[in-house]
Amino acid sequence: MLFFMYANVLFPLKLPPLTYRIPDGMPIDIEGFIVKAPLGRQGAYGVVTEVLGSAPEGLQGLRELDECRGLYAGRSYLSLIRWLSQYYLTAEGLALKACFFDDFIKSAVAEPKRKRRGPRPDACLPCMELPAASGRLAGLMSEISSKLSTNKYSTSLVTLARTSEDARLVSDLFEMQQDMRNVIIAVPEIDRMNRILGCLSAKFGSRVCGLHSRLTPAKRADAVKRILSGESDIVVGTRSAVLAPMQSVSLIIVNQEQSRSYKAQEGLRYNARDVAVMRGYISKSPVILTSVAPSLESVSNCATGKYTFIGSSGRDVSSFDFPDRSGRPVIRIARLTKKSREQSCFSSDTIKKAKDVMKAKEAMLFLINRKGYSLIRCDDCGSTLDCKRCGVPLVFHKAGSAAKCSLCGAEEKAAVSCPECSGFNLAPSGIGLERVKEEIDSICSTRAVVLQKPAGRKKNPDDDIKPDEDEQESEVAAFCVGTAHAVRRIDEGFLNTAVFVSAESMLSMPDFRARERALQEIMQSVELVKPGGTVIIQSYRPDDRFLKAVRSYDLRSFYADELAERMALGYPPYSNIILFSIDAASGSREIERTVDEIATEVCDEYKRGITFYGPVQVASGRGSRMQFFMKARDSVRLHKAAESAVRRLELIKNLRFTVDVDPLKI
DNA sequence: AGCACGCCGACT
DNA sequence: GTCGGCGTGCTC
């Protein structure tokens, strides 16, 4: 009798699983195993997602698997891959690819081209000194620890007074639970990783393994091999660490869960924090999120009971226990007036402080989120000089006296007259880095340093900072000017004073997360200021509720206010968003028709509660993209609609588009 | 990802 | 007339 079994095989390619016949003599129970299968002209390695008793209808003459190698991952890891592809609306194969499949094949299965020893292990990282455990954190340890011993899924949010407490928390956990195995620790940046890696390596040796995107391919493959073999069961790494191919997981820690670098901006656009939570759920293990200023999403999840807010008895935000910030730097709001703006970017308060700090030979940082000197505004009609292609205001750069578009990089020699009203009274307006530096230099007769990009070298997909060609590294000096990114270059407690030159430039961003981001930026800067130092926030509206809450470190009322606002406007976390972006240099009829169909048929506001926004053309680099998004309270319905939209868009030949689930900005 | 197939520009 | 560019499509 002839009785065949079949296997669905997933390849790390943009393909759905393909079906093969399992040849005689090959074991049947091979779910999760790595197999070599004929694919196209060559063969390829893939993983068996499912074993079938009969061939799917309509498929005959299926080819046989070539060979079966070891186990790649258990059932729960396969569920994670499936969830990734469903939630982020990507081919399952691409989810597999994101899960280090190619690295493993390269190191463990494919024949090595030459006999080579594995990559040289990294020099031992020093065990950095940990901050003393604060009384509060010590008090929370038993509650955190009780979550671990249960071996059940739970997600807990731990708020910290300082980022550096992350390493303390991790170290203390390992101290309390001596037998912890299969742990994933995610950190937002590579240099933070080294601190934790150092602490753990000293104690656990090769059981600890670092994983980040700046590893060389050989080192990455070696790390993956060690993880899969079980040699390393403690993985510390950036975003992709939450995808580490461990057979089982018993604890996941996501440090600084609010960090935007956890969200992938290309390929599989996952958010590592959300993946960690789902992975914990799938593998029945606890998840611990830490933050000095948690995301609204996580705070809201604590309020609904989805997560636990460690250290709080109730679920109401008003009962949430944020760290005591007494002894932290004073936050002062400095009033700017319209009148003073014409002469200076600074309030008199700020100027006085700058002179004092100068005299005391201490360090001071000025933060402003715009490069260049200023915008250019016409005094006659009030309009700004905008980029002809992108429509955003051009930024005037004093060096070269050119106006540059921050989106497309187009440069224009400074115009003489206003294109709107032909008036000749064009004047600098608004504040940029160069202008701030110029003014500090003249006030304090110093040479302030403009901090450029962080110390990173190569392009790094785990990093959300785009490298700019025209930027060079600069030394951190006593008086520095920089954008929010620059704060990464400065050590904890280095500054006497940090100045946010314009609260309005942070708060008036056309983004519903502007306040949340501002809070996080301010809290980050606070850590750079030594105890007894000062943070100054300059504002035209010093009585703003947000600034009042920030000034007194009143995170509770910040979250209460912000949640109320988001709820009133129906923004996340009270709704979900999926953003579509179509590479459409040619806005063809067919595209327009399909998008129109999606807007009317797929997103039925009244019947299904899904709201469609757009489409809008946006300029991006060279070329233009068409964007639209859908928003709904019900995530399941939203995903169904988005799936249907994806299917329709896929019918259009030659169309390239990306789907971003839970985008950071819209 | 490979590796086909396929349809336009400069060559012996 | 052909060689070859890589743009688009398929792989159970």
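Keep in mind that the numbers below use all heavy atoms, side chains included, and drop hydrogens, waters and symmetry copies. Throughout, a chain's letter reflects where its sequence line sits, starting with A, and its residues are numbered from 1.
Between A:Asp102 and A:Lys106 no salt bridge is recorded (no basic side-chain N to carboxylate O distance below 4.0 Å). In this structure, A:Lys306 does not pair ionically with A:Glu297, as no charged nitrogen and carboxylate oxygen lie closer than 4.0 Å. Salt bridge status for A:Asp660 with A:Lys263: present, with a side-chain N to carboxylate O gap under 4.0 Å.
Among the nucleotides C:dT11, C:dT8, B:dA4, the one closest to the side chain of A:Arg63 is C:dT11. Comparing C:dT8, C:dC12, B:dA4 against the side chain of A:Leu18 picks out C:dC12 as the nearest. Closest to the side chain of A:Leu15, from the set C:dG9, C:dT11, B:dA4, is C:dT11. Residue A:Leu13 has its side chain nearest to B:dA1 when only B:dA4, C:dC12, B:dA1 are considered. In this structure, the nucleotide among C:dC12, C:dG9, B:dC3 sitting nearest to the side chain of A:Gln42 is B:dC3.
Using a 4.0 Å heavy-atom criterion, one finds that A:Asp102 contacts no nucleic acid atom at all. If you check every strand for non-hydrogen atoms under 4.0 Å, A:Pro38 touches sugar and phosphate atoms only.
In this structure, A:Arg273 forms no cation-pi arrangement with A:Tyr262, as its terminal cationic atom is not both closer than 6.0 Å to the ring centre and no more than 45° off the ring axis.
Annotation: side chain of A:Val659 is not in contact with side chain of A:Tyr88 (no heavy-atom distance under 4.5 Å).
Note: CZ (A:Phe11) to P (C:dC10) measures 17 Å, nearest angstrom. Distance, A:Leu39 CG to C:dT11 C1': 5 Å, rounded to whole Å. A straight line from CG of A:Leu655 to P of C:dT8 spans 12 Å, rounded to a whole angstrom. In this entry the distance linking CZ of A:Arg656 with P of C:dT8 reads 8 Å, nearest Å. The separation between A:Tyr45 atom OH and B:dG2 atom P is 13 Å, rounded to whole Å. Rounded to whole Å, the distance from CG on A:Leu62 to P on C:dT11 is 12 Å. A straight line from CG of A:Asn654 to C1' of C:dC6 spans 14 Å, rounded to a whole angstrom. Here the P atom of nucleotide C:dC12 and the CG atom of A:Asp66 are 11 Å apart, to the nearest Å.
Regarding contacts with the backbone of B:dG2, every side-chain N or O of A:Arg41 stays at 4.0 angstrom or more from both OP1 and OP2.
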